[in-house]
Amino acid sequence: MVPPSHFGWFEKQLNNMNIEKNIYIDDVYEYLKEHDTRQARRNDEDDVFSFDGYHRFDQVLNYMKGLNGTSLPGVDVEFVEAGYTDENRTLAYLRINSKTSEEGTQRPIVIIEAGVNPREWITIPTALNIANKLIEGNQTKLAQNLEWIILPVLNPDGYEFTHNSNRLWTKSRSTRSNLGFICPGVNINRNFDIDWMFSDSSTSPCSHLYGGIESFSEPESQIIRKLIEEHGNRIKLYISLQNNGGFVSYPWQYERAASGMFRQHHLLGLEMISAIADNYKLDIGSLALGDRASGTSSDYVMSRNVLYTFNIDIKQCEGDVLVPEAEIRPIAERVWRAVAVAAGNMIS
């Protein structure tokens, strides 16, 4: 992306190096304005929560709170406040469990994480749709035999910033670094304690890949660590929803090799992409992404002996993360099918 003030210089450099140019977007501001106008208007004016649109964080939070203690056949829903962000927004998740669970019964746990990269809006209604399916979608087997923890917005500060300032922002809004007030934010999916700050990460606070002052320096990543420490081996499946372009992947991302669970991951992954039925690809994380990446949530969780961890990377629309509202429901339904297949395999 080149600012207008540098057009002449940039074209001259390309010509000197005999590089052909291809202008994909003439005006990024106008492009974002055109794609997001209707979405912003809906969020400002419509208080009714819908799975056909994008919502501001407060609307998502209120919807989650409204589910707390909901009396539905066979299902208990609990809204859990797990902490606060640097801008004092609530870090929260939904816990969905069976009403028929006997006291002391410990069912296998499935964790769904979304919104770690704030510009990937599509992951948030997709995660909420999973909760809605379990609560109202007649999913008796999955709801009664598993406990679900669903984190729809892992990075609330960054998510709000994509609504009111920079639509393509990728970090949180913390200011812990020595340049925090000049270059705020940490890439939360580079802040986990697994090969931290080694690959596809940056020590520069001004980089979109900045991994933080240390691993787990951020309250957003600390929530995941706390869940893993609290529930341990009960967690059988962890899925991170992202929007990097049409694939399902499994560890590792930090090295070009698979984990010792390669065979099990690959066989289950084949079932998941078959359920999605949209030409998704399946691979090891580092190969699917095209390079190694350190400090990711799914790698960290795998390193803590969780049996199955996957990334479901939703297909982009014309090569970017600005997924039209009209695509939300069909995408959410396809991802739900993959999650349902994976979770079903956790029931012994």
Side-chain angles (χ1 to χ4, degrees), residues 43 47-51 53-72 75-97 109-136 143 146-164 169 171-174 185-186 188-189 191-192 216-231 234-235 237-242 297-298 300-301 332 335-336 339:
N43 292 336
D47 290 332
V48 178
F49 197 89
S50 166
F51 290 95
Y54 296 111
H55 299 272
R56 300 292 288 268
F57 176 68
D58 283 346
Q59 291 174 299
V60 173
L61 196 67
N62 288 336
Y63 172 74
M64 294 169 66
K65 288 179 179 178
L67 295 175
N68 186 56
T70 302
S71 179
L72 294 165
V75 179
D76 271 327
V77 183
E78 181 185 2
F79 171 80
V80 181
E81 292 189 4
Y84 294 92
T85 67
D86 287 87
E87 294 183 342
N88 204 36
R89 292 187 177 89
T90 302
L91 291 163
Y93 58 85
L94 294 172
R95 189 197 306 272
I96 301 172
N97 205 357
I109 294 175
V110 176
I111 297 180
I112 307 294
E113 161 237 297
V116 63
N117 187 328
R119 70 180 186 176
E120 296 175 355
W121 288 5
I122 185 60
T123 65
I124 293 162
T126 300
L128 291 171
N129 182 62
I130 294 169
N132 187 60
K133 289 287 187 181
L134 294 166
I135 296 167
E136 299 182 352
L146 298 167
E147 182 176 329
W148 294 74
I149 294 174
I150 300 177
L151 302 96
V153 191
L154 185 58
N155 187 352
D157 291 348
Y159 181 61
E160 269 301 291
F161 194 70
T162 64
H163 279 276
N164 58 38
W169 186 254
K171 301 191 292 182
S172 67
R173 298 293 298 164
S174 67
V186 169
I188 301 302
N189 210 32
N191 190 238
F192 292 85
F216 289 120
S217 60
E218 309 305 301
E220 295 86 354
S221 57
Q222 290 169 17
I223 282 186
I224 302 299
R225 179 177 63 181
K226 183 177 179 181
L227 286 171
I228 302 305
E229 291 175 346
E230 179 180 352
H231 298 293
R234 284 186 61 204
I235 305 169
L237 175 64
Y238 184 98
I239 295 178
S240 175
L241 301 180
Q242 298 179 35
S297 62
S298 53
Y300 167 72
V301 172
V335 171
W336 160 250
V339 170

- Task: Show your reasoning for whether side-chain hydrogen bond (donor to acceptor under 3.5 Å, both in side chains) applies to E220 and S172.
- Result: CA-CA 9 Å; E220 295 86 354; S172 67; 4.9 Å; no

- Test log, rule side-chain contact (heavy atoms from CB on, under 4.5 Å), inputs D157 and F57: CA-CA 9 Å; D157 291 348; F57 176 68; over 6 Å; no

- From CA spacing to verdict: side-chain contact (heavy atoms from CB on, under 4.5 Å), Y159, W169: CA-CA 8 Å; Y159 181 61; W169 186 254; over 6 Å; no

- Message: Evaluate R56 against N164 for side-chain contact (heavy atoms from CB on, under 4.5 Å), listing each step before the verdict.
- Response: CA-CA 10 Å; R56 300 292 288 268; N164 58 38; 4.1 Å; yes

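Here the side chains of L134 and L146 are not in contact, with every heavy-atom distance at 4.5 Å or above. Looking at heavy atoms from C-beta onward, M64 lies out of side-chain contact with E81 at the 4.5 angstrom threshold. Two residues are said to be in side-chain contact when any heavy atoms from C-beta on lie closer than 4.5 Å; V339 and K133 fail this criterion. When side chains are defined from C-beta on, R95 counts as touching I149, because their heavy atoms get closer than 4.5 Å. Side-chain atoms of W121 and H163, non-hydrogen and from C-beta on, do get closer than 4.5 Å to each other. Residues N129 and V335 form no side-chain contact, since every pair of their non-hydrogen atoms from C-beta on lies 4.5 Å or further apart. Under the 4.5 Å side-chain criterion, counting only non-hydrogen atoms from C-beta, T90 is in contact with Y84. N189 places none of its side-chain heavy atoms less than 4.5 Å from the side chain of Y300.
D86 contributes no side-chain N or O that, together with a main-chain N or O of S174, makes up a donor-acceptor pair within less than 3.5 Å. Side-chain atoms of N191 never come within 3.5 Å of backbone atoms of S221 as a donor-acceptor pair (strictly under, hydrogens ignored). At least one donor-acceptor pair closer than 3.5 Å links the side chain of Q222 to the backbone N or O of F216.
Between E160 and R173 no salt bridge is recorded (no basic side-chain N to carboxylate O distance below 4.0 Å).
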